[in-house]
Each structure stands twice: as structure tokens, then as C-alpha cells.
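One structure is given here, and the rest of the page talks about it.
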Number of protein chains: 2
Amino acid sequence: METNIAAATLAALAQPTRLEIFRALVVAGPAGLAAGALAEQLAATPSVLSFHLKELRFAGLVDSATQGRFVIYRARFDTMTALLGFLTENCCARSNPQDASCCVPDLARKAPPLKSC
Amino acid sequence: METNIAAATLAALAQPTRLEIFRALVVAGPAGLAAGALAEQLAATPSVLSFHLKELRFAGLVDSATQGRFVIYRARFDTMTALLGFLTENCCARSNPQDASCCVPDLARKAPPLKSC
DNA sequence: TCAATAATTCGAGTATTATTGAAGCATGGA
DNA sequence: TCCATGCTTCAATAATACTCGAATTATTGA
């Protein structure tokens, strides 16, 4: 991931409402959530939500699919993966051999290894 | 890390110049870099740099120490670690048991295990 | 066909953020 | 002491981002 893209992706997440939207979509998983359901969960007006969803979609953090009169939104894990990759590779002590500390110290301990990893 | 703090930290990084500043400081490691050296590296005017460094410091992503008439800046890895922790725990498929994919798939492969991890 | 529902779009108003150039404040060396 | 250096601060301006409410589009079901 290139620096300017990374900055744009970070900017998309750098807003409380949008961060919560994304979080809710991660929790919802592959089933996704309709815009209305999101609005209810986050206590946001439809137009505000629409605005933020557009930003997230533009940044590639979210996908949308129309189902009848509902629009289902889903988190795009691939983009988040790429962003985390950028941050760990470019912005972490791990990227600097002089420093023994690292930025993802707990993952190995906390989570069991996943098959797909 | 709390959601609003995470959003503020993301906002601090969500700007090309600031992202490059942080990257340069990560590469510089514990020795850090003087503001002037950063300005030269990034081809930014002193006042612009000062502005962005203030933002980064406010977000806790950067530390400063005066040495004579130089001001040395250092990346704060602890804050970055906390941010990455927030993102992997709250914004990743890993946080959703229904989804088999994950957001840090390459780390185990690419990087050798660190002692301090 | 008509009314209700689900979302998006638009324009206006406000707030926040970024850039610029000039001025200011220390520090170190002549 | 004086000047040059390194950096910060400030005020003004420009550019972006956010919110609100009204209008619009599209779909469903009566």
C-alpha cells in the first residue's frame, strides 16, 4: 500500500462515527448490515450515515449491495489487512532492526493461530 | 484504547506529511531526529513541520526533547502498538468468530519471532 | 395506482484543518 | 555582547470536512 493511499484510508477511519460504522460492520460479518440498521444502532440520521458510508466506500473500506429497497453494507477486510500491513511494515519498531520492541506483541499470545494465516 | 482516542490517533496519522514524519522517525529509531533534519528530509518549511509535529505530539505519537538549540523528536512505539491493538481487536475479521479470514495474515510468515514478543 | 418505506442527494451553514510568511524566543559561538 | 542558527508561534487566508433539513429516487405492498 502506498503512503498517500494509506493516509486516505486512515482519514476514512479517523472519524468517530465512521470508526463505529466500520466496527459494527466487522461485528456483523459477511451478512452485513442495512443502512437503516446502522442508523438505528449508531443513533445517526440517514443523511449523516449516507455521507459517512460514501466516504468509507470511496476509501475501499466498505462494500454495498442493493437488496430490494435495502442497501446492505459490508466491511472490506482486505483493505483493512493492507492498512495494517502498511502500518506494521512502515510505522513499527519491527521495521527498525535497531529496536528490539515491536508493535504487535500480544497477537501471538492472545489469539490462537488461524488456519488461513 | 477507547474509540474516540483511536479516532484521534488515526486522525493524527491521516495526513501525508505527518505519516511521512512518523515513518522517518521510526526509521531513525531511538536516536530520533532533529526538527531541521526532518524538514530537510521531507522538503517542508519549518513552520509547516512544527505545526504537524505539534499534532503528532498532542496525539501521543511523538516525543520531543530539547538538546541545546535542537529539538529531537522520537516516535512513540507504545502509542502505535496500542493503536494497532485497537484495530486488530475491533476492526478485524479476527474479532468476528464467524469469519475465517484475518487482518494480519503475513506477519507470522514474513517476520521472525522476536524475543520480546 | 397510491401511500409508505429505505436511502441518497443537494444546498446552506458552520467548524475544523492546512498553508503561508513574518515575527519571536532561545541557544551557541565569534 | 552580538549575530547566526534552530525552532516555534501567530495572524490571515484557503481549503476540507461535517451537519442539518428538504427534496428526490426507487421499491414494496395495499
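Letters A, B, ... are given to chains in the order of the sequence lines, protein chains preceding strands, and every chain is numbered from 1.
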>> So if I define the base as every atom that isn't primed, P, OP1 or OP2, how would nucleotides 24-30 of chain D read as a B/S/- string at a heavy-atom cutoff under 4.0 Å?
In response: ---BB--
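Near-neighbour residues of DNA chain C inside residues 33-50 of chain B, defined by a heavy atom below 4.0 Å, number-ordered: B/S47, B/V48. Scanning residues 7-15 of chain B for heavy-atom distances under 4.0 Å to DNA chain D yields an empty list.
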Identify every side-chain donor-acceptor pair in residues 1-23 of chain A under 3.5 Å, counting partners at least two apart or on other chains, and give the distances.
{"from": "A/E2", "atom 1": "OE2", "to": "A/N4", "atom 2": "N", "distance (Å)": "3.4"}
{"from": "A/E2", "atom 1": "OE2", "to": "A/N4", "atom 2": "ND2", "distance (Å)": "3.3"}
{"from": "A/T9", "atom 1": "OG1", "to": "A/I5", "atom 2": "O", "distance (Å)": "2.8"}
{"from": "A/Q15", "atom 1": "OE1", "to": "A/T17", "atom 2": "N", "distance (Å)": "3.0"}
{"from": "A/Q15", "atom 1": "OE1", "to": "A/R18", "atom 2": "N", "distance (Å)": "3.3"}
{"from": "A/R18", "atom 1": "NE", "to": "A/A12", "atom 2": "O", "distance (Å)": "2.6"}
{"from": "A/R18", "atom 1": "NH1", "to": "A/H52", "atom 2": "ND1", "distance (Å)": "3.0"}
{"from": "A/R18", "atom 1": "NH2", "to": "A/A11", "atom 2": "O", "distance (Å)": "3.3"}
{"from": "A/R23", "atom 1": "NH1", "to": "B/N90", "atom 2": "OD1", "distance (Å)": "2.5"}
{"from": "A/R23", "atom 1": "NH2", "to": "B/T3", "atom 2": "OG1", "distance (Å)": "3.4"}

Would you list the atom pairs, donor with acceptor, under 3.5 Å between side chains in residues 63-75 of chain B and any protein atom, with sequence neighbours excluded?
{"from": "B/S64", "atom 1": "OG", "to": "B/R57", "atom 2": "NH1", "distance (Å)": "3.2"}
{"from": "B/R74", "atom 1": "NH1", "to": "B/P30", "atom 2": "O", "distance (Å)": "3.0"}
{"from": "B/R74", "atom 1": "NH1", "to": "B/A31", "atom 2": "O", "distance (Å)": "3.2"}

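Between the CZ atom of B/F51 and the C1' atom of D/dA14 there is a distance of 13 Å, given to the nearest Å. Rounded to whole Å, atom C1' of D/dT16 lies 11 Å from atom CZ of A/R18. When the C1' atom of D/dT19 is taken as reference, atom CD of A/E55 falls 13 Å away, rounded to whole Å. Here C/dT9 presents its P atom at 11 Å from CG of A/L53, a figure rounded to the nearest Å. Between the C1' atom of D/dT16 and the NZ atom of A/K54 lies a distance of 14 Å, rounded to the nearest Å.
Cluster annotation: B/L38 and B/F51 are assigned to distinct hydrophobic clusters (Ile/Leu/Val/Met/Phe/Trp/Tyr, side-chain heavy-atom contacts under 4.5 Å, transitive).
In terms of phosphate contacts, A/H52 brings a side-chain nitrogen or oxygen within less than 4.0 Å of OP1 or OP2 of D/dT19. Phosphate contact (OP1/OP2 of C/dA6, side-chain N/O of A/Y73, threshold under 4.0 Å): absent.
Evaluation of the salt bridge (charged side-chain N to carboxylate O under 4.0 Å, His left out) test over residues 34-43 of chain A, restricted to residues two or more places apart or in two chains, returns none.
Closest heavy-atom contact between B/L84 and A/C92: CD1-SG, 3.5 Å. Here the closest non-hydrogen pair linking A/G60 and A/T79 is O-OG1, 2.6 Å. Of all heavy-atom pairs between A/T88 and A/G85, the closest is OG1-O, 3.0 Å. B/A44 and B/L49 get closest at one heavy-atom pair: CB-CD1, 3.8 Å. Smallest separation of non-hydrogen atoms from B/A28 and B/L33: CB-CG, 3.7 Å.
With pairs defined as Watson-Crick or G-U wobble and both atom distances under 3.5 Å, the stems of at least three pairs that touch DNA chain D come out as C:1-30 with D:1-30.
From A/L56, atom CG reaches atom CG of A/L25 across 8.0 Å, with rounding to the nearest 0.5 Å.
Counting heavy atoms from C-beta on, the side chains of B/L87 and A/L87 come closer than 4.5 Å.
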